[in-house]
There are 2 protein chains.
Amino acid sequence: MSEGQATALPAPNERPTLKTIAFMTGLGITTVSRALKDASDISAETKERVRLVARQIGYQPNRAGVRLRTGKTNVISLILSLEEEIMGLSSPMVIGISEILATTQYHLVVTPYRAQGNALDPVRYVLETGAADGVIISRTEPKDPRVALMMERNFPFVTHGRTEMGLAHPYHDFDNERFAYEAVRKLVERGRTRLVLLQPPPYLTFYLHMRAGFEKGIRDFGATALPFSQVNLDASLVDIRNAAEALLSGPDAPDGIVSGSGSGAVALVAALEASGRRLGHDIDLVSKESQMLLQWLRPEVVTMREDIRLAGRELAKAVIARIEGKPPAELQTLSYPIPIE
Amino acid sequence: MSEGQATALPAPNERPTLKTIAFMTGLGITTVSRALKDASDISAETKERVRLVARQIGYQPNRAGVRLRTGKTNVISLILSLEEEIMGLSSPMVIGISEILATTQYHLVVTPYRAQGNALDPVRYVLETGAADGVIISRTEPKDPRVALMMERNFPFVTHGRTEMGLAHPYHDFDNERFAYEAVRKLVERGRTRLVLLQPPPYLTFYLHMRAGFEKGIRDFGATALPFSQVNLDASLVDIRNAAEALLSGPDAPDGIVSGSGSGAVALVAALEASGRRLGHDIDLVSKESQMLLQWLRPEVVTMREDIRLAGRELAKAVIARIEGKPPAELQTLSYPIPIE
DNA sequence: CAAACGACCTGTATCGTTACAGTTTTAAGG
DNA sequence: CCTTAAAACTGTAACGATACAGGTCGTTTG
């Protein structure tokens with residue numbers, strides 16, 4: 001048996017490396033590396049032997065070594081906005097992503113950014129430093145500079161939310177158009193005709209979807225849309241409540257409200273109760289929600305669930321598929337509102 | 001000017017490395033490295049020059065290079081339990097941690113684990129693969145094997161929650177004893193005397209604290225503690241509601257309840273309203289809460305806030321200080337319940 | 001004036017992995 | 001019997017950074 005490359009005896013108690021396996025099998029380091037990669041120029045018997053030893057001693061490739069040599073980081077970067085945080089969306093999302101990544105070699109790095117204006121910074125950081133193999137972003141805009149940048153650099157990513165740039169990129173989105181449309185249907189079914197929508201901030205893509213669904217519902221089901229754009233879903237609960245109170249005491253008071261988020265609905269409930277109205281009697285409220293608190297504390301609110309954890313899983317699967325070269329157009333999925341009971 | 005080590009011309013459009021700076025300044029790679037580290041054997045003028053060039057071209061050290069050579073990962077690993085997830089605690093916690101890490105070179109890697117029984121796995125993974133420089137864990141037990149393991153290996157970590165092992169380790173904790181004590185006080189002030197506690201699972205350390213505070217309050221303020229241990233805070237909302245309904249319709253029905261979490265309180269509210277009781281009239285409920293939803297939807301519930309985002313900040317500061325060698329005993333902090341008017 | 005010193009700078013080896021360009025061995029082809 | 005090829009394996013260099021052990025060159029010291 002000829003001595004391989006592994007000339008020095010590996011330290012006994014250290015973490016095993018390719019060198020350790022090379023020493024134990026009497027093979028060269030290169031051979032071991034290629035055997036573990038199932039390369040075609042290694043005999044089946046050798047591969048088997050190497051795999052056996054590797055498993056026995058619990059070999060795990062050194063991430064820094066791989067990363068330095070190949071540039072592959074085995075990292076997915078989740079770029080979060082603090083606004084999402086406040087809406088409580090990120091938590092189940094992180095779980096969903098982790099559920100998928102746990103079955104792979106990927107680690108999840110979470111990078112939040114402060115204001116909407118800085119959304120591009122963390123993306124640039126990843127691109128410039130090669131900090132990750134793929135990126136997950138959310139709160140997409142119709143013309144999203146982050147998407148433009150990553151497309152241009154051909155960098156794998158997936159968005160939570162769609163864009164309108166005529167570019168095919170991976171996304172997962174909730175069908176907010178359907179949600180708003182069904183919400184109007186439910187309100188009209190309850191006899192409501194003068195409706196308002198507590199909507200997303202206008203620069204986000206899903207504003208357009210939700211708005212479109214709302215207006216289509218208004219037309220199809222024969223109701224009236226009243227204006228309510230002093231506040232949006234990004235406003236604080238206090239601001240939403242105040243704006244809603246003003247609305248409810250004015251001449252254009254609605255008898256039905258659609259809320260684009262559960263926390264928005266909380267503020268609306270406070271406002272309409274303060275105005276002396278009773279939910280389900282004088283007025284109805286349909287809300288999207290991802291946690292399940294409204295259902296428990298105000299079952300009179302009609303809710304439709306958005307499964308954020310599922311979204312996390314879909315997003316993770318999509319980035320990974322993209323990294324592995326699957327065409328973007330095949331990585332676009334929608335999920336639909338889940339009616340409660 | 002003599003040629004340094006940087007013999008080959010660095011590629012033009014690539015990410016700058018030490019070699020790039022070495023080439024531009026005419027210095028050796030080693031000198032550049034040491035200059036950026038502010039080593040004592042480099043002249044002030046050279047350091048200045050190197051720093052200037054580095055800043056100009058936007059040099060950022062390659063993490064894989066550093067990690068491979070030095071073992072330093074510049075990663076903090078947050079190890080989460082899915083139970084926390086469900087309680088919605090992890091989201092603001094991630095933000096708090098990130099707020100601190102954003103000012104440093106550290107990245108945050110999030111690793112959840114499934115069941116309580118697997119809590120040790122992710123810790124072992126980090127220790128064995130050197131995946132991080134420091135670890136943050138939560139849901140501590142009085143004798144916590146994760147703490148024992150990391151102490152034994154002298155690995156930097158901080159816990160969210162205390163232990164009772166006679167070992168000084170960094171922690172941040174919420175004063176659950178104080179919370180429960182004050183909760184009992186508030187109930188007695190409202191004339192309630194027959195009290196129950198919706199408590200944490202008994203194997204977690206904060207069970208002991210909350211229990212102790214509750215019982216001390218019972219003694220000090222002269223009330224009666226009734227048993228309620230069919231369910232705990234880890235139970236599903238449905239199970240909590242069912243158990244509470246049974247309790248309320250039995251002979252040992254309480255007139256005051258302390259809930260160790262906001263989501264637990266949601267289930268309790270449902271139960272007591274189903275039993276025909278009115279909050280604030282027939283019965284009172286004091287709850288800890290970290291989101292602010294109870295305050296909005298059931299202001300009759302007396303709440304005391306736990307600031308999870310603050311906890312995240314404290315935890316991040318503590319691990320980093322520990323990594324930098326600060327003694328564990330100096331890295332132990334408590335936060336206190338914040339009364340909501 | 002030689003030796004010793006201090007201030008500054010630099011080459012080499014190394015961390016673990018993989019791309020690439022061989023080398024060895026055996027068998028087939030002419 | 002020599003050439004060629006295929007199969008199986010291996011050494012070297014390199015990714016970027018740093019520890020370490022020198023270098024060089026004035027200046028001080030005996």
Side-chain angles (χ1 to χ4, degrees), chain A residues 1-8 10-11 14-23 25-50 54 57-74 105 128-131, chain B residues 1-11 14-23 25-50 54 57 59-74 105 128-131:
Chain A
M1 171 172 109
S2 70
E3 277 297 272
Q5 293 151 280
T7 45
E14 295 292 297
R15 194 177 156 202
T17 68
L18 290 179
K19 194 156 146 190
T20 318
I21 302 178
F23 179 79
T25 55
L27 295 163
I29 295 175
T30 305
T31 311
V32 173
S33 172
R34 297 187 57 64
L36 289 173
K37 299 213 126 43
D38 201 22
S40 64
D41 63 348
I42 307 292
S43 76
E45 191 234 321
T46 298
K47 283 181 194 169
E48 198 44 59
R49 216 153 54 87
V50 168
I57 64 178
Y59 169 75
Q60 294 202 257
N62 180 306
R63 306 190 125 231
V66 174
R67 180 164 171 176
L68 182 57
R69 180 66 238 243
T70 65
K72 179 120 215 263
T73 62
N74 287 300
Q105 279 301 307
E128 280 168 16
T129 65
Chain B
M1 175 170 104
S2 70
E3 276 296 271
Q5 292 149 282
T7 44
L9 201 141
E14 295 293 296
R15 194 179 154 199
T17 68
L18 290 180
K19 195 157 147 187
T20 317
I21 302 177
F23 180 80
T25 56
L27 294 163
I29 295 175
T30 305
T31 310
V32 173
S33 173
R34 298 187 55 65
L36 290 173
K37 300 212 125 42
D38 202 20
S40 64
D41 64 347
I42 307 291
S43 76
E45 193 235 319
T46 298
K47 283 181 193 169
E48 198 42 62
R49 216 152 55 88
V50 168
I57 65 179
Y59 168 75
Q60 294 200 258
N62 180 305
R63 306 191 124 229
V66 175
R67 181 164 171 176
L68 183 56
R69 182 65 238 246
T70 66
K72 180 120 217 267
T73 62
N74 286 301
Q105 278 301 306
E128 279 168 17
T129 64

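Here is the naming used below: chain letters follow the sequence lines, and residue numbers restart at 1 for every chain. Because the structure is a prediction, the values reported are computed rather than measured.
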May I ask you to test the B:K47-B:D38 pair for a side-chain heavy-atom distance under 4.5 Å? yes

If you only use heavy atoms from C-beta on, which nucleotide in D:dT18, D:dA8, D:dT10 is closest to the side chain of B:S33? D:dT18

Rounding to a whole Å, what distance do you find between B:I29:CD1 and D:dA19:C1'? 15 Å

Selection from C:dT17, D:dT12, D:dA17 that lies nearest to any side-chain heavy atom of B:P61: D:dA17

Return the value, rounded to whole Å, for the distance between atom CD of B:E48 and atom P of C:dC9. 14 Å

Which residue in the set A:T31, A:V50, A:I29 passes side chain to side chain contact (heavy atoms under 4.5 Å, CB included) when paired with A:L18? A:I29

If you pin A:R34 and A:P16 to their nearest nucleotides in DNA chain C, which one's is more 5'? A:P16

Is the shortest side-chain N/O distance from B:K37 to OP1 or OP2 of D:dT18 below 4.0 Å? yes

Tell me the interatomic distance from A:R15, atom CZ, to C:dG16, atom P, rounded to whole angstroms. 9 Å

Side-chain N,O (B:Y59) to OP1/OP2 (D:dG16) below 4.0 Å: no

When you get a sec, tell me which of C:dC8, C:dT10, D:dT10 is the closest nucleotide to the side chain of A:T31? D:dT10

Let me know the distance between NZ of B:K19 and P of D:dA17, rounded to the nearest Å. 11 Å

Rounded distance (Å) that lies between atom C1' of D:dT18 and atom CG of B:D38: 16 Å

May I ask you to test the A:N62-A:R15 pair for a side-chain heavy-atom distance under 4.5 Å? yes

Closest heavy-atom pair, A:R67 versus B:A64, reported as atoms and distance to 0.1 Å, is CG-CB, 3.6 Å

Sorted by position of nearest nucleotide on DNA chain C, 5' first, the leading residue of B:T46 and B:G65 is B:T46

hbond_proxy B:R69 side chain to D:dT18 base (donor-acceptor, 3.5 Å cutoff): yes

Between C:dG16, D:dA19, C:dT18, spot the one nearest the side chain of A:T17, thanks. C:dG16

Side-chain contact check for B:N62: nearest option of D:dA17, D:dT10, C:dT18 is D:dA17

Rounded to whole Å, the CD-C1' distance (B:E14 to D:dC15) equals 12 Å

What nucleotide among D:dA19, C:dT17, D:dC9 has an atom nearest to a side-chain atom of A:S43? D:dC9

Can you check whether A:R63 reaches B:T73 side chain to side chain, under 4.5 Å on heavy atoms? no

Closest to the B:L68 side chain: D:dT10, C:dC15, D:dC15? C:dC15

Length of the CZ-P vector between B:R67 and D:dA19, whole Å: 17 Å

Kindly indicate whether the side chain of A:D41 and the base of D:dC9 share any N or O donor-acceptor pair separated by less than 3.5 Å? yes

C:dT18 phosphate, OP1 or OP2: any side-chain N/O from A:T70 under 4.0 angstrom? no

Quick check for you: to the nearest 0.5 Å, what is the distance between B:K72 atom NZ and B:Q105 atom CD? 9.0 Å

To the nearest angstrom, how far is A:L27 atom CG from D:dA7 atom P? 19 Å

